[in-house]
Structure formats: C-alpha cells, structure tokens
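These figures come from a predicted structure and were not determined experimentally. Letters A, B, ... are given to chains in the order of the sequence lines, protein chains preceding strands, and every chain is numbered from 1. All values below come from the heavy atoms of this structure, side chains included, with hydrogens, waters and symmetry mates left out.
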There are 2 protein chains.
Amino acid sequence: MEALPTNEGDPGSTSSSTSGAEAAAEPHTVTIYDVARAAGVGIATVSRALRGSAPVADATRAKILRVVDELGFRPSHLGTSLAEKRHAAAGIVFPDLSGPYYAEVVMGHEEAASRLGRSVLIQGTNGRTDPIAAARDLAGRVDGLVVLGRTVPDALVEEILAQGVPVVLLARPSVGNADSLRVDNLTAARALGEHLGTHHFAQVRFLGSPDSSHDVAERWAGIFQGLARSATRLDLTPCNLDEESGTRVARAVLAGPDRPDALVCANDEIALGAIVAAEEAGLTVGVDIAITGWDDIMAARHARPGLTTVRQPMRLLGAHAAEVLDERISRTRTTPRHEILPAELVVRSSCGSHPQGDRR
Amino acid sequence: MEALPTNEGDPGSTSSSTSGAEAAAEPHTVTIYDVARAAGVGIATVSRALRGSAPVADATRAKILRVVDELGFRPSHLGTSLAEKRHAAAGIVFPDLSGPYYAEVVMGHEEAASRLGRSVLIQGTNGRTDPIAAARDLAGRVDGLVVLGRTVPDALVEEILAQGVPVVLLARPSVGNADSLRVDNLTAARALGEHLGTHHFAQVRFLGSPDSSHDVAERWAGIFQGLARSATRLDLTPCNLDEESGTRVARAVLAGPDRPDALVCANDEIALGAIVAAEEAGLTVGVDIAITGWDDIMAARHARPGLTTVRQPMRLLGAHAAEVLDERISRTRTTPRHEILPAELVVRSSCGSHPQGDRR
DNA sequence: TGATCATATGGAAGCGCTTCCCACCAATGA
DNA sequence: TCATTGGTGGGAAGCGCTTCCATATGATCA
C-alpha cells in the first residue's frame with residue numbers, strides 16, 4: 001500500500017516509457033522537465049533561470065540557457081498562464097458593422113495593447129448567432145475587455161465585471177464601475193449645426209437612428225442645438241449606418257415631397273451612399289444639395305466633392321482604451337475613469353463651402 | 001505516513017479552509033471542485049455532465065446543472081485548454097501597413113473563424129520592435145496561424161510548422177508544407193495591361209516596388225505582359241504602399257521629364273495619393289492622365305473620377321484562410337493546399353474610360 | 001572552532017480541467 | 001442462487017508551469 005504517485009511496479013504505467021522509446025511518434029513538445037533533466041537541475045531552477053524570479057548561479061544559468069537553446073524549449077503559454085492565473089491578453093468586442101470605423105479602432109487597440117505586452121483577441125458580433133455567449137466566452141480568455149458600442153448588454157457587462165475582468169466601454173455610457181471612453185459628439189455636432197446654420201438652408205434632414213446608438217443620439221442632439229438659432233427646419237429620417245441604407249433612404253427622401261437642402265448623415269458611409277442617390281437624382285452635391293457625414297474615414301477625404309464631416313480619433317480611441325485597461329489589469333488604478341476625447345469638424349465642399357485645402 | 005494528497009491533519013493546509021470562511025476576500029472563482037462538492041458528486045461526473053463526453057444519469061445531470069447555474073460556474077478556459085492540449089484559437093499576423101486591405105482580410109477571417117468555434121488573436125507588426133518574437137509568441141497561443149504577406153520570414157514559418165502549428169500563407173509563396181492562398185494577380189494585371197493598351201498611351205509608369213512584395217511583383221509582371229503587344233513604353237518607379245508615398249512619388253514623376261500618360265499604381269492608396277498629386281499639377285485625371293490602382297477599397301469607389309482598379313476578394317481571402325486552416329487543425333487534411341482566387345478588373349473613369357455604371 | 005546566515009537549489013503542491021481505470025450496483029441469464 | 005453484464009460514478013494521474021518551503025553548502029562572525 002506504499003504505492004505513491006510515482007511510477008513503479010505498475011505494469012500499465014504510461015509515464016515510465018516516456019523517457020525511453022517513442023522518439024518518432026509525435027513531435028513531442030519539449031517541456032521544462034526535459035530541460036531540467038538535460039541540464040541536471042530541478043525544474044524550479046529552470047523556471048527561475050528563465051524568468052529571473054530568483055537568483056541562480058551564473059554557471060547554472062549558463063548551462064540551462066544552453067540546453068534551452070539546444071532543445072528549442074519554449075515555455076507553454078497555457079502552463080504559464082494557468083500557474084500565473086493570467087492570460088496576458090485583452091479582448092475587444094465590436095458590433096455587426098464591418099466598416100472602417102471599427103476596423104480602425106481595433107487596429108489602434110492592437111498596436112497599443114501589443115506594446116503593453118498583451119495579445120489581442122477580437123470578436124465581432126457580425127453574423128454570430130449568439131453574440132452574448134461569444135462575448136461571455138471571450139471574457140473568460142482575457143485579462144480585460146474592451147467593448148465597442150452596444151454590442152454587449154449592460155447585464156453582461158456587470159457579470160463580466162463581477163468575474164473580476166475589467167471592462168472599458170467605448171462610445172457608450174458607463175455601466176457599473178467600468179471605465180468609459182467617448183468622443184465628444186455633442187460639441188462637434190453643435191459646431192456642425194452652427195456651420196450649417198451659416199448656409200441658411202431652409203430644411204435640413206438628419207439621416208440616422210438616434211435610438212440605435214448613443215453616439216448617434218448625441219450627434220442628433222448636437223445638430224439640433226447647433227441649428228436652434230437659425231431659421232432652419234430640422235427633421236429626422238431613421239437610417240442604418242451602412243452605405244447601402246444611406247443610398248436607399250436618401251433616394252426616398254430626395255424623391256419625396258419637401259425635399260431638404262441638406263442631408264446630415266449619422267456617419268460617413270450613409271453620407272457616401274447619399275451622395276450616390278443625389279447624383280442619381282441629377283443633383284450636384286455641394287451646390288444643389290449639401291451632404292455631411294461623420295467619422296472622416298478615408299473615403300470621405302477622397303470623395304468628390306470632399307465630404308464635410310467630423311473627424312473622430314479612431315485609432316487613438318482604440319489605443320487609449322488599451323492604456324486605460326492596462327491600469328485596471330495591473331491594478332495601478334481601481335476607480336473608474338471616464339474620458340471624453342475631442343472630435344474635430346472637417347469642412348470640405350460637400351456642404352456647399354469652398355475651403356482652402358479641399359481640392360476642387 | 002498515510003498522508004495522501006487530501007487535506008487533513010496538516011495545519012498549514014490552505015485548501016481545508018476553502019469551503020468554510022474566506023467569503024469576502026476575493027471573488028473566488030468557482031471551480032469544478034466547488035460544483036462537485038455542492039452537487040455531492042465527483043469532479044469527473046461534473047465534467048462528463050457538462051461536456052456530454054460520457055453518459056450521466058438524468059437525475060445526476062439535472063442536479064449538476066442546477067448547481068452550476070446557482071453557483072454561476074464557468075469552466076476555466078486555461079484549465080480546459082491545458083487538459084485538452086488545444087487553444088481553440090487561431091492567430092493572424094499582418095504587416096505594418098494599416099490600410100483597409102489588411103483590415104478587411106482580418107475581419108473576414110474573424111467572422112469565419114468565429115463560426116468555426118475558434119477565437120482569433122491578431123498581431124500587427126506595426127511598430128513592434130521585434131515582430132519575429134511577437135509572431136513566435138503568437139504561434140504558442142494558437143492552434144493555427146494565418147500569415148499575411150512577408151511579415152514572417154520563411155525560417156520562422158518552418159519553425160512554427162515544426163512545432164506542429166499549421167500555417168496558412170496569404171499573398172505569399174508557399175513554404176514547407178504550409179497551405180497558401182493567393183489572388184491571381186497575374187491574370188488580372190494582364191487584363192489591366194491589355195485594357196490600358198486599348199487607350200494607346202505613349203508611356204505608362206508603374207508605381208510600386210516589385211521586390212517588396214510577391215503580389216506587387218506579379219502585378220508588375222502582368223502589366224508588362226498585358227502591354228507587350230502595344231507600342232506603349234512601360235517604366236517603373238519604386239513606391240511604398242501608402243497614400244503619402246503615392247502623392248510624393250507621383251509628384252516627382254509628374255514634375256520630371258518624360259511625363260507618362262498613365263500611372264499604374266501597385267495599390268489603391270498609392271493611386272489615391274497620385275490623384276492628389278495630379279490634381280495639384282493641374283491635370284484632370286481620366287483626361288490628361290490615367291491613374292489606376294489595385295484592391296478596390298471603399299475609397300476607390302467613391303473617388304472622383306472613380307478609380308479603375310482590380311477588385312481583390314479581401315474578406316473572402318480571410319474567411320477562406322480560416323476554413324483551410326480548420327481542415328489542418330482538425331486533421332481532416334494533411335497535405336498542403338494551394339489556392340488561387342480570381343481577381344476582377346474594375347474599369348472606372350480614372351483610366352480615361354467612360355464605363356456605364358460609373359457616375360460622372 | 002562552533003553557531004549563524006545568506007545563497008543556491010530541489011521537492012512538491014497547486015493552478016482547473018479531462019479522462020483513464022476501476023469499483024460498485026442492480027438487473028439479467030443460467 | 002451465483003456469476004456475468006451494462007450502466008454509473010469516483011479516484012487519481014496528468015497537462016506544463018510557478019513558487020513556497022525546506023535543505024544543503026560555504027562563508028561569516030564571535
């Protein structure tokens with residue numbers, strides 16, 4: 001009954017054959033045990049030598065490093081993470097839309113997170129049958145999570161926070177003690193509204209759905225405020241945030257009665273789609289009708305006429321989220337942080353202006 | 001000496017206090033042991049009940065599920081992965097450029113991989129001080145890797161393959177027994193060259209660096225072949241793949257002697273940058289000078305004049321990579337697969353044509 | 001010269017899970 | 001009635017690592 005966990009006696013023991021035969025069967029990953037054996041030391045010493053967590057005699061370290069090199073040992077991330085109880089990874093969840101906005105934020109995040117020594121897991125809710133489950137799963141694989149927009153319901157954010165996983169909310173009101181990062185849509189929208197006011201349009205139409213997104217709601221509110229002093233009439237037509245919807249909705253708006261002088265679109269994709277519709281209708285954008293967007297994506301700059309829009313610091317938003325998250329993960333900070341980044345009005349010709357820089 | 005691994009006697013035992021006190025200290029993650037204890041069964045049974053890997057009596061299963069729900073148990077990914085020896089994740093490495101092309105491929109990959117039940121880790125080589133180390137690290141965290149372009153040297157690809165991690169190469173010649181996916185640049189470039197031939201330009205200039213990327217090399221070769229039958233002279237000026245370089249290089253080319261009639265650019269960003277330079281020089285694109293791009297990014301479609309380009313199935317490329325990788329990871333296939341996806345010439349007005357669909 | 005101490009190192013527990021192996025029990029067949 | 005069988009379920013090993021604890025070895029101090 002002295003059968004201790006060591007392999008011995010028991011003929012069925014699998015581990016006893018490990019060191020002997022089996023060479024050709026599998027690539028057999030090199031483990032820390034292999035290194036320890038080859039270097040004639042204990043695994044603890046190997047670990048210490050490799051990570052410098054405790055002093056190791058120079059000679060010993062040198063020998064270990066040599067063996068590591070010879071055997072091509074690479075510590076298993078899983079083993080390390082399990083022992084350390086951390087993933088060294090952050091996750092980012094973004095919504096259905098596959099436009100440039102989200103891509104830019106994600107890329108900006110990756111760059112910054114990578115610099116902070118953290119891998120990045122991405123999770124789009126695009127086409128996922130169960131985005132909730134996907135997000136919950138992701139939360140279990142990372143040390144912190146960035147959530148864009150309304151992808152994840154408040155309850156799930158709370159649940160994830162309760163699990164001890166810090167969350168940074170982007171472009172969305174804060175939940176619990178999650179951090180939040182937003183762009184000052186209101187101020188920029190007000191500026192855009194005021195600018196449009198100087199054009200003395202009779203009728204402005206906002207294309208977008210304020211109740212679909214916090215950002216859009218702010219934009220709508222800001223435009224409203226910015227136009228308040230002018231005699232301009234302002235209406236709203238709901239529209240999804242993609243180009244095709246923009247074309248379709250604009251087409252209907254332009255064909256309907258009471259044709260507006262200006263289309264203020266909730267984002268650039270709608271605006272670019274609206275430009276297509278306007279041209280179809282024989283209108284010259286910037287002359288017969290003004291069209292503005294939001295985000296300043298690449299295509300906005302290259303469209304003709306150049307699209308008047310509001311530039312959002314998309315990459316910065318993603319990058320900053322990584323930093324804010326890092327403070328939480330490293331417990332440098334424990335109280336929530338809420339930041340609002342400025343946005344910048346970019347006037348080009350599509351609204352009827354003729355700015356210096358804009359070609360044509 | 002009967003001290004088995006169970007907690008008992010030993011006063012320093014930490015695990016003995018686990019069930020009793022300590023409630024408020026830490027969130028204390030619920031483990032499979034907690035569930036087993038609460039349900040009055042062994043952990044093996046809990047595992048079986050949850051994953052259905054072996055039959056469990058209905059009553060037992062029901063009880064376990066109830067307890068799981070009450071305790072809010074979520075299996076640790078780390079524990080599971082370590083035991084299963086798999087990550088349930090794929091990685092994708094992309095190069096420095098942060099343009100829409102890579103973003104699209106990455107997003108397309110995420111969507112497909114997600115559908116296959118695999119999380120996606122992304123790794124840009126942008127700004128990384130040691131992209132090699134980053135890629136190697138990534139390879140240790142995934143079950144399979146997608147590599148875009150020349151980001152990772154051949155030797156490292158071999159090393160990763162040797163570790164047993166399948167690799168899919170995108171837009172790059174195959175290495176070892178890695179799978180590869182490419183777009184048929186040659187055929188499309190030839191078609192573009194031939195199309196340009198019909199315009200009877202005297203002099204065409206290719207902006208791009210064939211030795212920097214396999215894709216660009218193929219484009220250059222195809223253009224050359226496509227123009228071979230015409231009397232057109234073809235030259236090359238090296239150029240990086242970003243917009244700013246496009247503007248700068250085009251500016252120089254247009255100001256220099258021997259001004260070409262057409263600029264064939266290695267990608268859309270260069271072309272869009274070149275359009276800026278051409279307009280600066282007072283030239284009307286599509287009339288005084290032809291400019292073409294490659295990729296058909298969103299901005300190409302919205303530029304005026306519309307940019308003649310070659311449409312690459314970017315999202316499809318990323319998505320298909322996920323599927324090809326999946327076959328390798330699941331060992332459905334063990335021999336390399338090399339595929340070439342078709343690209344499509346998209347003629348708009350920037351080359352001097354006046355296609356039907358193109359507005360203006 | 002014996003006691004003390006810092007340093008270097010090994011053993012082993014533990015991170016949370018899966019699964020092999022075996023024991024148990026009730027029902028079945030002889 | 002006893003042995004076989006199939007259905008359940010528990011124990012424990014093992015995945016690869018980190019780190020606590022204990023020990024051994026010289027070096028240092030009185």
Using whole Å, what does the distance between atom [atom2] of nucleotide [N] and atom [atom1] of [X] come to?
{"X": "B:I32", "N": "D:dC15", "atom1": "CD1", "atom2": "C1'", "result": "15 Å"}
{"X": "A:D58", "N": "C:dT7", "atom1": "CG", "atom2": "C1'", "result": "13 Å"}
{"X": "B:K63", "N": "D:dG9", "atom1": "NZ", "atom2": "P", "result": "12 Å"}

Check your understanding: Using a heavy-atom distance cut-off of less than 4.0 Å, which residues of residues 67-80 of chain A contact DNA chain D?
Key ->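 DNA chain D contact set from residues 67-80 of chain A: A:F73, A:R74, A:P75, A:S76, A:G79, A:T80.
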Check your understanding: Is A:Y33 side chain donor-acceptor paired with the D:dC17 base, going by distance under 3.5 Å alone?
Key ->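 A donor-acceptor contact between them is present.
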Where do [X] and [Y] come nearest, in terms of heavy atoms and distance?
{"X": "B:A36", "Y": "B:G42", "result": "CB-C, 3.8 Å"}
{"X": "A:L78", "Y": "B:S81", "result": "CD2-CB, 3.6 Å"}
{"X": "A:A321", "Y": "A:L170", "result": "CB-CD1, 3.8 Å"}

Review point. Tell me, which pairs form a salt bridge (Lys or Arg N to Asp or Glu O under 4.0 Å) where one or both residues lie in residues 160-169 of chain A, sequence neighbours left out?
Key: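 Pairs touching residues 160-169 of chain A that pass the test: none.
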Practice item. Please list all pairs passing the salt bridge (Lys or Arg N to Asp or Glu O under 4.0 Å) test where one or both residues lie in residues 115-134 of chain A, with sequence neighbours left out. Key: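 Matches after skipping sequence neighbours: A:E111-A:R115, A:R118-A:D326.
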Exercise for review: Map B:K85 and B:R61 onto DNA chain D by nearest heavy atom, then report which one ends up closer to the 5' terminus.
Suggested key: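 Closest to the 5' end, via its nearest nucleotide, is B:R61.
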Salt bridge or not for [X] and [Y], using N-O below 4.0 Å?
{"X": "B:D58", "Y": "B:R61", "result": "yes"}
{"X": "B:R333", "Y": "B:D179", "result": "yes"}
{"X": "B:E323", "Y": "B:R328", "result": "no"}

Review point. Axis-to-axis angle across the helix from C:dT1-D:dA30 to C:dA30-D:dT1, five pairs an end, to 10 degrees?
Key: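 The two end axes of the helix from C:dT1-D:dA30 to C:dA30-D:dT1 meet at 50°.
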Review point. Which part of the nucleic acid, if any, lies within contact of B:S81, taking any heavy atom under 4.0 Å across all strands shown: a base, the sugar-phosphate backbone alone, or nothing?
Key: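 Here B:S81 touches no strand at all.
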Point to revise | Short side-chain N/O contact from B:S53 to OP1 or OP2 of C:dT18, under 4.0 Å | key: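 Checking C:dT18 against B:S53, no side-chain N or O comes under 4.0 Å of OP1 or OP2.
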Exercise for review: State whether B:T31 places a side-chain N or O below 4.0 Å from either non-bridging phosphate oxygen (OP1 or OP2) of C:dC15.
Suggested key: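 No, B:T31 has no side-chain N/O under 4.0 Å of OP1/OP2 on C:dC15.
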Review point. Counting side-chain heavy atoms from C-beta on, which of C:dC17, D:dG9, C:dC15 comes nearest to B:A57?
Key: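 In terms of side-chain proximity for B:A57, the closest of C:dC17, D:dG9, C:dC15 is D:dG9.
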Practice item. Just compare C:dG16, D:dT18, C:dT18 and give me whichever is closest to any side-chain atom of A:L82. Key: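 Among C:dG16, D:dT18, C:dT18, the one nearest the side chain of A:L82 is C:dG16.
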Point to revise | Within residues 39-52 of chain A: residues closer than 4.0 Å to DNA chain C (heavy atoms) | key: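 Nucleic-acid contacts, sorted: A:G40, A:V41, A:G42, A:I43, A:A44, A:T45, A:R48.
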Exercise for review: Could you tell me which residues satisfy side-chain hydrogen bond (donor to acceptor under 3.5 Å, both in side chains) with A:R48, sequence neighbours excluded, listed by chain and number?
Suggested key: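 A:R48: no side-chain hydrogen bond (donor to acceptor under 3.5 Å, both in side chains) contacts found.
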Exercise for review: Kindly indicate whether the side chain of B:I122, heavy atoms from C-beta on, has any atom under 4.5 Å from the side chain of A:H109.
Suggested key: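 Side-chain contact under 4.5 Å: no.
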Check your understanding: With a 4.5 Å heavy-atom cut-off, do B:L145 and B:V147 have their side chains touching?
Key ->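 SC-SC contact between B:L145 and B:V147 confirmed.
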